[in-house]
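The next block holds one structure in the form of structure tokens; read it before the comments.
Numbers here are sequence positions counted from 1. Because the structure is predicted, anything quoted here is derived from the model rather than measured. First listed ligand is number 1; within each ligand, the first listed atom is number 1. Atoms considered below: every heavy atom in the structure, side chains included; atoms not considered: hydrogens, waters and symmetry mates.
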Amino acid sequence: RRRSTNPGIFLPHLVASLEQVDESYIMVKPDGVQRGFVGEIISRFERKGFKLKGLKLFQCSKELAEEHYKELKAKPFFPKLVDYITSGPVVCMAWEGVGVVASARKLIGSTDPLQAEPGTIRGDLAVQTGRNIIHGSDSPENGKREIALWFNDGELVEWNPAQAPWLRE
Ligand code: ADP
């Protein structure tokens, strides 16, 4: 085996970083709320073993929707997307756990629900990209950014789930 030029790869603190605890901003979009999927969606993240740190029903302003989706501002569907996200209440959630950002994306499935695998939230419950019922952060950085954008400090709770030792060795 070739010796790595980066000795840091063998250091325990980097091994630990592979187990890094992330945060993901998950949001049930207005169609998910209207169709009655709030409980079902929360349940899927709970059953997987992630920790809920923040939760609220919320009517989003146009300004907040535009800020949240600012990376898509140039897209032709952007105005429709802002209308959609502000069309009714959303359920905002902050979930924490090892690998939660990537895992949540898998649980959610592809952006286009017709391409999303059965068993995923979009694959099971939706048919159109413009009505794909749920949002999940696409990187740990965006997870932090979006949680800070949608929640005030006092709305996030630090707590120790009793199941922790049964979830990870
Ligand atoms: P994801 O939500 O899977 O991360 P994107 O970041 O690419 O997907 O897009 C954000 C959201 O914008 C999508 O979830 C969907 O609601 C909407 N969207 C994306 N592409 C389209 C499209 N072509 N037409 C309508 N809405 C779209």
### Task
Write out the residue and atom name of the closest protein heavy atom to atom 3 (O) of ligand 1, then the distance separating them to 0.1 Å.
Thr111 OG1, 2.5 Å
### Message
Between Tyr84 and Asp31, is the side-chain hydrogen bond (donor to acceptor under 3.5 Å, both in side chains) condition met? List the steps.
### Response
CA-CA 8 Å; Tyr84 163 47; Asp31 50 337; 2.7 Å; yes
### Query
Would you say Phe50 and Asp22 make side-chain contact, with heavy atoms under 4.5 Å?
no
### Message
Please work out, at 4.0 Å between heavy atoms, whether the side chain, the backbone, both, or neither of Thr129 comes within that distance of ligand 1.
### Response
both
### Query
Counting only heavy atoms not in Trp166, do more than 12 sit closer than 6.0 Å to its CH2 atom?
no
### Task
Would you mind finding which of Tyr84, Phe78, Phe77 brings a heavy atom closest to atom 24 (N) of ligand 1?
Phe77
### Query
Is atom NZ of Lys56 surrounded by more than 12 heavy atoms (other residues, nucleotides or ligands) closer than 6.0 Å?
yes
### Message
I'd like to know if Lys29 contacts ligand 1, where contact means a heavy-atom distance under 4.0 Å to any ligand atom.
### Response
yes
### Query
Judged by non-hydrogen atoms, does Arg105 sit under 4.0 Å from ligand 1?
yes
### Message
Whether the side chain of Arg122 engages the backbone of Ile133 through a donor-acceptor N/O pair (distance < 3.5 Å, no angle test) should be reported.
### Response
no
### Query
Which residue holds the protein heavy atom closest to atom 13 (C) of ligand 1, what is that atom called, and what is the gap in Å?
Asn132 ND2, 3.6 Å
### Message
Using a 6.0 Å cut-off, check whether atom NZ of Lys48 has over 12 heavy atoms from anything other than its own residue.
### Response
no
### Task
Out of Asp138, Leu81, Leu72, Asp112, indicate the one that has the non-hydrogen atom closest to atom 6 (O) of ligand 1.
Leu72
### Message
Between ligand 1 and Arg122, is the shortest N or O to N or O distance under 3.5 Å?
### Response
yes
